[in-house]
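Heads up, the thing below is written out as structure tokens.
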Amino acid sequence: MGKTAIIWFRKGLRLHDNPALLAAARDADHLCPIFILDPWFLKPDKISVNRVQFLLESLADLDASFRARGSRLLVLRGKPQEVLPRVFKDWGVTHLCFESDTEPYAKQRDAAVRELAEAAGVEVHSPVSHTLHDPQLLLARNGGRPPLTMQSFTKLVDAVGAPPAPAADPPEKLPPLAPKAETEAAAAAVPSLADIGYPPAGTTPFKGGETAALARMADYLSDKDWVCAFEKPKGNPAAFVRPATTVLSPYLKFGCLSPRLFHAKLQQIYTEKNGKHTQPPVSLRGQLLWREFFTLCGASIPNFDRMEGNAVCKQIPWVDDPERIKAWEESRTGYPWIDAIMAQLRQQGWMHHLARHSVACFLTRGDLWCSWEAGQAVFDKYLIDADWSLNAANWQWLSASTFFSQYFRVYSPISFGKQYDKDGAYIRHFLPVLKDFPSKYIFEPWTAPLSVQQQAGCIIGKDYPRPIVDHATVSKENMARMKAAYDAAKAAAAAGGSAGGGGGEGGKPAKRARKK
DNA sequence: TATTGGTTGCGGAA
DNA sequence: TTCCGCAACCAATA
């Protein structure tokens with residue numbers, strides 16, 4: 001009996017460093033590359049046109065690469081748990097290969113698919129290639145619990161050693177489709193946005209696909225001095241003509257770019273430069289380690305995208321106000337720096353990491369006191385690089401719920417941006433309504449005299465909103481709320497620790513004495 | 001149990 | 001440009 005294999009793409013939308021593809025193609029008589037458009041991921045109210053456009057571009061690029069190798073990509077539609085059993089049978093499939101995925105939805109889906117494959121007599125192979133290391137391996141090496149600081153995570157990674165080298169490129173010629181799959185090919189082309197219920201075009205300037213990913217990586221890596229001097233916290237969040245970071249995140253999210261290839265290229269440059277380069281956590285390599293760290297947390301901490309039931313997350317009594325959340329989402333807070341960032345998010349599906357910090361702090365502990373989960377949902381909708389684990393982790397970080405606890409460090413919606421965008425070029429670009437405001441007032445337009453507002457053709461309170469809250473006042477109030485929540489968490493931990501008698505040790509002090 | 005250090009705050013003083 | 005106050009955080013380590 002011959003081998004008819006499916007390579008099932010979900011993330012990992014690339015031919016390079018793709019061990020699942022190699023396993024499927026090896027000694028196969030027939031290779032069927034498929035992507036399944038799962039209705040779960042195609043909800044226009046939950047997932048913006050920009051990210052879906054990026055996905056479809058990535059699929060088109062993948063299809064072109066397969067065609068160049070005598071094959072093609074079939075885009076099927078429906079629930080994978082329903083589509084796959086059908087094609088197993090119709091196409092005479094013997095092997096199913098796909099990249100391992102640690103997100104909760106994927107884990108559940110893939111477990112179900114494995115069972116269905118087993119029932120159909122289909123052999124399943126699911127290698128790790130979305131991260132540098134296998135999260136399960138890292139977890140085991142750390143005693144079954146994820147580290148909760150970047151420092152300890154970096155130590156763990158160093159102890160594990162170099163990540164696997166990128167897999168070999170696939171052969172120039174790939175096995176043909178199964179004959180029965182061939183008959184479905186015409187109906188399985190990469191669809192247009194309109195075909196799947198979206199507006200005809202998005203507005204992001206970033207183009208999806210492996211080809212674009214490799215070109216972008218080559219572009220940013222060509223400046224080796226820049227690579228070696230990279231320090232993330234020193235980047236300029238207001239740079240939008242050429243962003244201060246690589247913008248490889250959407251390509252890593254969809255797997256158009258292999259993290260192991262990127263990592264290997266970085267190490268090569270570092271070696272060439274004789275070790276004179278920045279270090280994690282701030283270096284470019286450090287950025288890959290953050291991704292690795294947060295992916296491990298997402299893979300191993302139950303309910304990682306929620307506050308309740310999330311054992312590492314501080315329980316904070318946020319008050320979700322739908323009007324506040326909407327105003328924040330729609331650039332109506334009255335703080336131009338915040339509103340410009342949110343406009344960039346909606347328009348481009350991407351903003352600099354520090355810009356994300358500004359708006360995340362503003363929505364949660366800084367100003368609006370809304371739940372980080374609400375912000376997470378908005379980012380998940382609009383970001384082209386939205387990643388389940390990274391999004392949850394960063395929102396917990398910024399809201400000082402997990403990982404980070406110095407809640408008295410609050411970003412100012414006025415001062416923070418001013419350091420970078422002195423003349424307000426970023427604000428003018430993303431908030432054209434303010435484009436004629438003088439630089440002096442552009443971060444605080446409500447302080448401009450009426451005559452200035454008239455001259456700028458923008459009346460505050462009419463053409464652009466007044467500030468939704470007074471930052472100086474609410475940030476102080478919120479700090480006190482944070483302190484109360486932290487104290488309550490400490491008290492709860494102390495009570496929980498001594499109650500139940502499970503631990504066996506004598507009572508912990510109910511509360512640690514604090515020196516004054 | 002105490003110490004160390006943490007990718008990325010702000011505003012004012014020196 | 002660097003430092004201090006704010007009001008005092010906490011995981012990892014020794």
Side-chain angles (χ1 to χ4, degrees), chain A residues 142-143 145-159 229-239 244-245 277-294 296-297 301 311-314 316 335 337-338 341 351-362 364-367 390 393-394 396-420 443-444 471-494 497 505 508-509 511-516:
Chain A
N142 201 53
R145 321 176 64 127
L148 292 174
T149 67
M150 181 57 170
Q151 237 178 19
S152 52
F153 178 79
T154 304
K155 266 188 200 165
L156 172 63
V157 167
D158 287 347
F230 184 90
E231 284 182 74
K232 181 66 161 288
K234 294 197 177 160
N236 179 355
T245 50
H277 58 85
T278 52
Q279 294 288 338
V282 298
S283 65
L284 215 40
R285 174 172 173 260
Q287 305 315 301
L288 275 176
L289 297 191
W290 281 105
R291 173 177 183 269
E292 201 80 359
F293 173 31
F294 287 156
L296 175 58
C297 291
I301 298 168
V312 298
C313 183
K314 196 89 59 189
I316 297 171
Y335 286 96
W337 173 248
I338 299 298
I341 294 167
M351 351 55 126
H352 187 275
H353 193 61
L354 290 177
R356 301 182 193 201
H357 277 217
S358 276
V359 296
C361 184
F362 187 88
T364 57
R365 66 189 169 87
D367 296 81
L390 274 57
N394 281 308
Q396 285 171 76
W397 187 294
L398 260 298
S399 62
S401 301
T402 311
F403 307 116
F404 177 82
S405 45
Q406 284 157 289
Y407 56 76
F408 38 87
R409 294 189 188 172
V410 175
Y411 290 86
S412 162
I414 300 156
S415 317
F416 185 72
K418 249 187 215 172
Q419 302 167 53
Y420 304 100
F443 281 84
E444 302 162 272
H471 173 72
T473 310
V474 297
S475 60
K476 286 275 177 303
E477 289 170 4
N478 289 348
M479 249 182 249
R481 287 163 125 172
M482 288 300 285
K483 177 172 165 42
Y486 271 51
D487 284 349
K490 250 178 283 183
E505 8 202 347
K508 278 184 194 167
K511 201 178 174 184
R512 222 185 292 165
R514 314 212 65 77
K515 35 183 168 179
K516 192 81 228 267

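None of these values were measured; they are calculated from a predicted model. To find a chain, count down the sequence lines: A is the first, B the second, and so on, and within it residues start at 1.
Residue A:S152 places none of its side-chain N or O atoms closer than 4.0 Å to OP1 or OP2 of C:dA11.
Between the NZ atom of A:K483 and the P atom of C:dA7 there is a distance of 10 Å, rounded to whole Å. One interatomic measurement links the two molecules: CG of A:D158 to C1' of C:dA12, which rounds to 16 Å at whole-angstrom precision. The distance between atom CE of A:M482 and atom C1' of C:dC10, rounded to the nearest whole Å, is 13 Å. In this structure, the NZ atom of A:K314 is 7 Å from the C1' atom of C:dC10, given to the nearest Å.
Summarising the geometry, atom CE belonging to A:M351 is positioned 12.0 Å from atom OG1 belonging to A:T245; distances are rounded to the nearest 0.5 Å. Rounding to the nearest 0.5 Å places CG of A:N236 at 9.0 Å from CG of A:L354.
Taking atom C1' in both B:dG6 and C:dA8, the straight-line distance is 15 Å, to the nearest Å. Comparing the P positions of C:dA11 and C:dA7 gives an interatomic distance of 23 Å, to the nearest angstrom. Comparing the same atom, P, in B:dT7 and in C:dT13 gives a spacing of 13 Å after rounding to whole Å.
Counted by atom type alone, A:H471 and A:Y335 present zero donor-acceptor pairs between their side chains at under 3.5 Å.
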### Message
If a pair means Watson-Crick or G-U wobble with both distances below 3.5 Å, what does DNA chain C look like in dot-bracket form, with | marking bases paired to a different strand?
### Response
||||||..||||||
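Within 4.0 Å (heavy atoms only), A:P237 reaches no atom of the nucleic acid at all. Using a 4.0 Å heavy-atom criterion, one finds that A:K418 contacts no nucleic acid atom at all.
Judged by the 6.0 Å and 45° rule, A:K483 forms no cation-pi pair with A:Y407.
Between A:F416 and A:C361, the closest side-chain pair of non-hydrogen atoms is not below 4.5 Å.
Not one N or O on the side chain of A:S401 forms a donor-acceptor pair closer than 3.5 Å with the backbone of A:C313. Side-chain N or O atoms of A:W337 include none that pairs as donor or acceptor with a backbone N or O of A:K418 at under 3.5 Å. Remark: side-chain polar atoms of A:R285 are not paired, donor with acceptor, to backbone N or O of A:P280 under 3.5 angstrom. With hydrogens and angles disregarded, no donor-acceptor distance shorter than 3.5 Å links the side chain of A:N478 to the backbone of A:R481.
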### Query
Which letter, B, S or -, goes with each nucleotide of nucleotides 5-14 of chain B from 5' to 3', with contact meaning a protein heavy atom under 4.0 Å?
SBBBBSS---
